[in-house]
Amino acid sequence: MATRACVLLWLSVSGAVAQHGTSTASGASASTTASATATLVPTNGAVPLFHYEEQQLTTASLSDLSDTEAALFSFDSINVTSENTTSYVNYTLASSGDCKIFPGDSAWPALSAWKVLDTLAGGALVKTVPAASVCYFNGTSKHNDTACRALTSNWTDSYSHLEDPVEMLSPVYQGLTCQPPSLYNSGNCTLGGYPVYATNVSNVAQIQAAVNFARNTGIRLVIKNTGHDFSGKSGGAGSLSIFTHNLKDIDYIPSYNDATTNYSGPAFKAGAGVQAYEIYAAARDEGLVVVGGEGQTVGVMGGYIQGGGHSPLSSIHGMAADQVLNFEVVTADGRFTTGNAQKNSDLFWALRGGGGSTFGIVTSVVVKAYPDMQVTTSTFSFTSASVSQDTFWAGVRAYFSYFPTNADAGTYSYFFILPSVPSAGEFEFLMQPFFAPNKTLNETQALLQPWFSELSALGISISPKTQHFSSFWDAWNASFPLEAVEKTHVASASRLWPRRNWDNSTILNSTFEAIKANSEAGLTIIAFNQAPTWANGGYQDNSVNPAWRETICHMLTSVNWLNNSTTSEILTARHNFTFGYMQRWRDLSPGAGSYLGESDRLEPDFQWAFYGSFYPRLLALKKQYDPRNLLWAATAVGSEFFEVQSVDGLPNENGRLCTKTDPSLYVAQGPDWVPS
Ligand SMILES: Cc1cc2nc3c(=O)[nH]c(=O)nc-3n(C[C@H](O)[C@H](O)[C@H](O)COP(=O)(O)OP(=O)(O)OC[C@H]3O[C@@H](n4cnc5c(N)ncnc54)[C@H](O)[C@@H]3O)c2cc1C
Ligand SMILES: *[C@@H]1O[C@H](CO)[C@@H](O)[C@H](O)[C@H]1NC(C)=O
Ligand SMILES: *[C@@H]1O[C@H](CO)[C@@H](O)[C@H](O)[C@H]1NC(C)=O
Ligand SMILES: *[C@@H]1O[C@H](CO)[C@@H](O)[C@H](O)[C@H]1NC(C)=O
Ligand SMILES: *[C@@H]1O[C@H](CO)[C@@H](O)[C@H](O)[C@H]1NC(C)=O
Ligand SMILES: *[C@@H]1O[C@H](CO)[C@@H](O)[C@H](O)[C@H]1NC(C)=O
Ligand SMILES: *[C@@H]1O[C@H](CO)[C@@H](O)[C@H](O)[C@H]1NC(C)=O
Ligand SMILES: *[C@@H]1O[C@H](CO)[C@@H](O)[C@H](O)[C@H]1NC(C)=O
Ligand SMILES: *[C@@H]1O[C@H](CO)[C@@H](O)[C@H](O)[C@H]1NC(C)=O
Ligand SMILES: *[C@@H]1O[C@H](CO)[C@@H](O)[C@H](O)[C@H]1NC(C)=O
Ligand SMILES: *[C@@H]1O[C@H](CO)[C@@H](O)[C@H](O)[C@H]1NC(C)=O
Ligand SMILES: *[C@@H]1O[C@H](CO)[C@@H](O)[C@H](O)[C@H]1NC(C)=O
Ligand SMILES: *[C@@H]1O[C@H](CO)[C@@H](O)[C@H](O)[C@H]1NC(C)=O
């Protein structure tokens with residue numbers, strides 16, 4: 001990761017035109033003039049490009065190719081930033097039942113075509129070999145016991161999956177066709193929902209080449225950053241993938257002035273592959289903080305920020321998407337452009353909350369930064385083993401009453417309710433941690449004391465480890481666990497519980513009973529008490545699900561089945577979960593929503609749940625910026641027109657992407673009940 005201080009002072013960005021035209025470089029081998037910050041004049045405040053963003057594909061880059069080869073990489077005749085394409089292009093170009101070109105189809109690109117792509121991309125094309133293939137026989141490739149054992153022992157470590165161009169953290173959505181056999185029996189090792197090829201990109205020209213190639217050949221295109229997505233949206237059978245993980249540049253901008261959004265202060269420009277721990281460290285080194293996830297390895301400049309992004313700092317500064325000042329992006333027509341408050345402001349609006357893999361491939365993001373701050377954290381747990389179950393639940397219920405107070409005080413909590421010994425009917429409450437940014441030890445203790453007194457009165461004893469840290473980094477680094485890769489037999493769903501459920505104790509009690517019911521049914525609960533409201537300074541005019549502004553608790557719940565469950569058993573478990581337990585939660589929070597970034601792939605009425613009242617505008621922008629539906633991801637804006645026809649009938653990426661046959665499924669239903 002390169003961190004370079006940018007010494008330029010930018011003027012207002014009003015009327016900004018980014019200087020994209022200065023480079024004619026193409027491909028990885030092409031040279032550019034010099035570093036972005038050194039050569040680009042920040043005309044009217046336009047953000048200088050990273051070196052890798054100056055390396056762009058142009059029509060001239062294709063001059064060495066034959067006409068047939070060049071045609072594979074030509075830009076779209078439609079220029080999506082200059083034309084309103086919705087008026088004359090049908091979004092679903094394929095007729096009903098038609099599918100994206102798939103391996104084995106006569107139209108699938110010949111090996112020679114892939115070789116041209118690889119050459120143009122400077123050798124960045126990678127043919128997919130599933131990591132666990134070392135555990136299997138496949139033709140001449142042999143089972144390698146040493147390699148298989150090493151892989152298996154580290155399989156649940158998320159770092160090993162992040163570095164790989166195709167692996168994902170929720171392998172259940174790959175179709176589980178090549179797992180380490182001692183962890184999950186895949187039978188044979190096949191490609192399943194893995195892309196066929198990935199482009200390990202290090203510049204914009206490679207992204208443009210892959211985008212044009214996929215659009216011109218009619219194959220599926222996907223984007224993988226870290227593979228964190230809960231619904232496996234970085235995968236897709238028969239696809240070409242753009243792997244953005246290695247776009248790691250970070251520039252510090254001491255003084256950024258944006259007249260339109262009224263922001264004047266420090267900022268960072270970060271590459272699309274920058275992860276939480278990397279941007280947090282860069283900010284720490286400047287005595288600053290940025291809004292990022294609690295998870296160490298989340299791709300904060302990729303799918304996280306485009307899907308909203310909640311943070312330990314959200315109750316103070318709002319959502320991550322609220323912090324964005326500028327995007328650089330390759331759109332579906334293959335062109336490289338800028339989205340900010342002046343330029344392509346509608347695209348800028350959609351990219352700040354409307355979801356990844358929808359409006360283009362983001363190459364870098366500029367985000368606001370704030371002064372570093374002290375943080376106090378507290379970690380503790382209690383179980384039902386030493387008290388009665390009723391007492392355990394009374395202790396948890398007591399906590400719920402403090403959600404509004406704690407969120408309004410700017411805190412964020414990360415807590416679990418787990419069936420600790422399910423057969424014995426025991427439960428565990430785990431606070432891991434209560435995170436109080438900008439609070440002294442005493443202030444934090446004062447905030448927690450009323451609940452702790454109630455616990456004590458109930459006879460529940462806890463041993464809180466409450467610690468004060470002088471910086472955000474130290475507190476974050478010490479507090480949050482590194483989550484593991486093990487989603488082979490689990491599905492999750494989220495509810496953004498609205499604050500209004502806390503205003504009426506009858507409704508709050510019903511809410512609590514519904515949550516308790518999930519726990520008693522053996523479902524795990526992981527929740528975040530936080531309030532990224534409009535009032536806390538975080539609000540921007542962006543596309544973040546409006547339900548986020550009204551929530552005081554984003555609650556995840558998950559269902560498990562057995563590794564050897566049959567397809568119909570899995571479907572039954574998922575159906576009962578999504579339409580049973582989760583329906584009870586929805587019924588208790590009519591009109592509220594669910595968090596796109598940590599969601600149920602089967603979420604009913606997903607348009608409302610993930611995007612709320614912004615859906616119609618987002619869909620119109622999807623049709624404008626991606627008129628040929630190049631980018632598709634499950635539950636993304638516009639995804640309702642297509643479906644993956646999975647080979648096993650389960651909701652996953654292991655199958656062809658085809659036009660939906662039943663047009664009635666296209667219709668966004670809207671909420672049953674809209675809050676007044
Ligand atoms: C362990 C763990 C911890 C998490 N912690 C948090 C948290 O603290 N807060 C929170 O809000 N969420 C959290 N999440 C959820 C996370 O924000 C989402 O899964 C998010 O989509 C991850 O984005 P990614 O780019 O890292 O992952 P990916 O799975 O690689 O990408 C997610 C989606 O975005 C698309 N995408 C990625 N990069 C780009 C790009 N440059 N341009 C366009 N589209 C792109 C992908 O195609 C995919 O559809 C967590 C998830 C996990 C598994
Ligand atoms: C596409 O349209 C934008 C906006 O009008 C324009 O700036 C750009 O030059 C156009 N690109 C091409 C290749 O025509
Ligand atoms: C594009 O045109 C359609 C149909 O005329 C209209 O509904 C939509 O609002 C327009 N979109 C933009 C961004 O102008
Ligand atoms: C779009 O679809 C409509 C209805 O299916 C059809 O009548 C029309 O000709 C199509 N337009 C184009 C440009 O393909
Ligand atoms: C098996 O894997 C090990 C460890 O990755 C490697 O060193 C070795 O060369 C491999 N053996 C064969 C025959 O490929
Ligand atoms: C597992 O990963 C860790 C670090 O990620 C590494 O140090 C260790 O050698 C790996 N173990 C094996 C068996 O490969
Ligand atoms: C694995 O592949 C072989 C050869 O194609 C086939 O005979 C066998 O049934 C497959 N096994 C499983 C579990 O799918
Ligand atoms: C197995 O080998 C075949 C033929 O060599 C190849 O096409 C296929 O991609 C391989 N499968 C995996 C999972 O590597
Ligand atoms: C931090 O707390 C101080 C003192 O209470 C307050 O003045 C300041 O505004 C707070 N900072 C943030 C970012 O909330
Ligand atoms: C913190 O609280 C303790 C007792 O509650 C008090 O003695 C101490 O002075 C307080 N410290 C500060 C810095 O306020
Ligand atoms: C609280 O909600 C219940 C159930 O919806 C309702 O009957 C009652 O009138 C509400 N109470 C208040 C004070 O609004
Ligand atoms: C809600 O539950 C609490 C705690 O169990 C109880 O004290 C209170 O009376 C209940 N409120 C209503 C309106 O039922
Ligand atoms: C499935 O796995 C469970 C738990 O490991 C085991 O008890 C059960 O016998 C298995 N069922 C079958 C049909 O293999």
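Counting starts at 1 for both ligands and their atoms, following the listed order.
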>> For Asp408, is there an ion pair with Arg499 - N to carboxylate O distance below 4.0 angstrom?
In response: yes
> What is the ring orientation for Phe429 with Phe415, classed by angle as parallel under 30°, tilted 30 to 60°, or perpendicular over 60°?
Replying inline: parallel
> Which atoms from ligand 2 have a heavy atom of Asn79 less than 4.0 Å away?
Replying inline: 1 (C), 2 (O), 3 (C), 8 (C), 10 (C), 11 (N), 12 (C), 14 (O)
> If you look only at pairs with a residue in residues 206-223, which of them pass as a salt bridge (Lys or Arg N to Asp or Glu O under 4.0 Å), with sequence neighbours excluded?
Replying inline: Asp76-Arg215, Arg220-Glu653
>> Please list, in number order, the atoms of ligand 2 under 4.0 Å from a heavy atom of Thr81.
In response: 1 (C), 2 (O), 3 (C), 4 (C)
> Going by the atom numbers of ligand 2, which of them fall below 4.0 Å from some non-hydrogen atom of Arg335?
Replying inline: 11 (N), 12 (C), 13 (C)
>> I want to check something: taking the side chain as every heavy atom from C-beta on, are Lys269 and Glu328 in contact at a cut-off of under 4.5 Å?
In response: yes
> Taking only residues two or more places apart in sequence, or in another chain, which ones meet Thr358 in a side chain to side chain donor-acceptor pair (under 3.5 Å)?
Replying inline: none
Review item, side-chain donor-acceptor pairs of residues 510-517, under 3.5 Å, at least two apart:
| from | atom 1 | to | atom 2 | distance (Å) |
| --- | --- | --- | --- | --- |
| Ser510 | OG | Thr506 | O | 3.0 |
| Thr511 | OG1 | Asn501 | ND2 | 3.1 |
| Thr511 | OG1 | Ile507 | O | 2.8 |

>> What does the 4.0 Å heavy-atom contact list look like for ligand 12?
In response: Ser505, Thr506, Asn509
>> With a 4.0 Å cut-off on N to O distance, would you call Glu454 and Arg397 a salt bridge?
In response: no
